[in-house]
Amino acid sequence: MFWLMKSEPAECSIDDLAAAPQATVPWVGVRNYQARNFMRDAMRVGDGVLFYHSSCAEPGVAGLARVASTAYPDPTQFDPASPYFDAKATRETPRWLLVDVALVQKTPLLPLRTMRERPELATMGLLQRGSRLSITPVSRPEWDAVLRLLGVPG
DNA sequence: GCCAACGTTGGC
DNA sequence: GCCAACGTTGGC
């Protein structure tokens, strides 16, 4: 399958991902059940990921990545010092899961503005009215269309 | 900073 | 189970 995953570049940009050990980061901080369930139930190692920059000057797809692990507990939920701390989570019954995400390649930015202009992308979850989900599935045709716009060979 | 849209919480 | 209040997201 294919996915779009939002990251605030102030938190973890595509360059931060590239600079991480083995160009891989644990996708910490997801605190939405639907997004968690995608990671827990539907993601498979090797799935393609559109790495999206959100809440920034130039929102858009900034690179390609892949799912690099199965789901496991997000350690930040147990850390009282973390902004992602969840007092109701315990190590015995963790509430939040994550997957590791590995860089495939940085790309030229495909701006959100451009994506909205493209009819072939109109079905993307990201572009639906009121959509806020930080992880959304991407269909094969949507994936192919994005790669074409990025100038990346499929 | 604004605000629309959505998710969560908690009283009842 | 309902639903109002509140908090968050995220583009603009």
Side-chain angles (χ1 to χ4, degrees), chain A residues 1-20 25-43 47-67 71-139 141-143 145-152:
Chain A
M1 293 185 69
F2 303 102
W3 306 93
L4 181 142
M5 299 176 78
K6 295 180 186 175
S7 181
E8 302 187 14
E11 201 72 20
C12 179
S13 70
I14 191 78
D15 291 329
D16 294 331
L17 175 61
V25 295
W27 205 259
V28 300
V30 169
R31 295 295 181 268
N32 170 282
Y33 290 104
Q34 210 178 335
R36 179 203 66 181
N37 294 348
F38 282 142
M39 291 193 286
R40 185 189 62 189
D41 304 330
M43 280 191 182
D47 280 359
V49 173
L50 301 174
F51 190 102
Y52 179 89
H53 282 173
S54 69
S55 290
C56 58
E58 287 192 282
V61 173
L64 304 179
R66 63 182 169 78
V67 175
Y72 63 95
D74 178 343
T76 64
Q77 71 193 301
F78 309 124
D79 177 5
S82 167
Y84 303 125
F85 177 66
D86 183 341
K88 293 183 182 161
T90 66
R91 290 184 187 277
E92 292 70 33
T93 56
R95 177 177 296 198
W96 304 111
L97 303 176
L98 56 69
V99 297
D100 292 340
V101 172
L103 180 72
V104 172
Q105 67 177 106
K106 184 179 177 178
T107 64
L109 188 84
L110 175 59
L112 175 62
R113 183 177 0 96
T114 305
M115 298 176 75
R116 289 200 187 284
E117 290 169 357
R118 307 300 308 194
E120 66 270 34
L121 301 185
T123 53
M124 289 187 73
L126 172 76
L127 303 181
Q128 302 315 300
R129 173 186 165 83
S131 165
R132 298 182 316 178
L133 255 190
S134 63
I135 299 176
T136 48
V138 173
S139 73
E142 291 161 358
W143 175 267
V146 168
L147 261 56
R148 226 175 294 121
L149 290 168
L150 288 170
V152 174

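Each chain gets a letter, A, B and so on, in the order its sequence line appears, and its residues count up from 1. All values derive from a computational prediction rather than experimental measurement.
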**OP:** Establish, with yes or no, whether the OP1 or OP2 oxygen of dG11(C) is under 4.0 angstrom from a side-chain nitrogen or oxygen of Y52(A).
**Re:**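 For dG11(C), OP1 or OP2 has a side-chain N or O of Y52(A) closer than 4.0 Å.
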**OP:** Indicate whether OP1 or OP2 belonging to dG10(C) is found under 4.0 Å from a side-chain N or O atom of K6(A).
**Re:**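 Answer is yes, contact under 4.0 Å.
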How many whole angstroms separate atom [atom1] of [X] from atom [atom2] of [N]?
X	N	atom1	atom2	answer
R31(A)	dG7(B)	CZ	C1'	15 Å
L4(A)	dT9(C)	CG	P	17 Å
L126(A)	dG10(C)	CG	P	9 Å
Y33(A)	dC6(B)	OH	C1'	16 Å
R116(A)	dG11(C)	CZ	C1'	8 Å
L127(A)	dT9(C)	CG	C1'	16 Å
E8(A)	dT9(C)	CD	C1'	9 Å
L133(A)	dT8(B)	CG	P	10 Å

Original post:
When the nearest nucleotide of DNA chain B is assigned to R95(A) and to G130(A) on a heavy-atom basis, which residue is associated with the more 5' position?
Top reply: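 Result of the comparison: G130(A).
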Subject >> Residue met sooner reading DNA chain B from 5', once R129(A) and K88(A) are mapped to nucleotides >> reply: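 It is R129(A) whose nearest nucleotide is closer to the 5' end.
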**OP:** Kindly determine whether W27(A) and Y84(A) satisfy ring pair (Phe, Tyr, Trp, His ring centres under 6.0 Å), including the steps that lead there.
**Re:** CA-CA 12 Å; W27(A) 205 259; Y84(A) 303 125; over 10 Å; no
Subject >> Polar pair under 3.5 Å, donor/acceptor by atom type, side chain R132(A), base dT8(C) >> reply: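 Indeed there is one.
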Subject >> Side-chain H-bond candidate by donor/acceptor type, D16(A) with S13(A), under 3.5 Å >> reply: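 Looking only at side-chain atoms, S13(A) and D16(A) do form a donor-acceptor pair, the distance falling under 3.5 Å.
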Original post:
Which pairs count as ring pair (Phe, Tyr, Trp, His ring centres under 6.0 Å) when at least one residue sits in residues 90-114 of chain A, sequence neighbours excluded?
Top reply: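 Listed once each, the pairs are Y33(A)-W96(A).
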Subject >> Carboxylate-amine/guanidinium contact R36(A) D74(A), below 4.0 Å >> reply: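 No, R36(A) and D74(A) are not salt-bridged.
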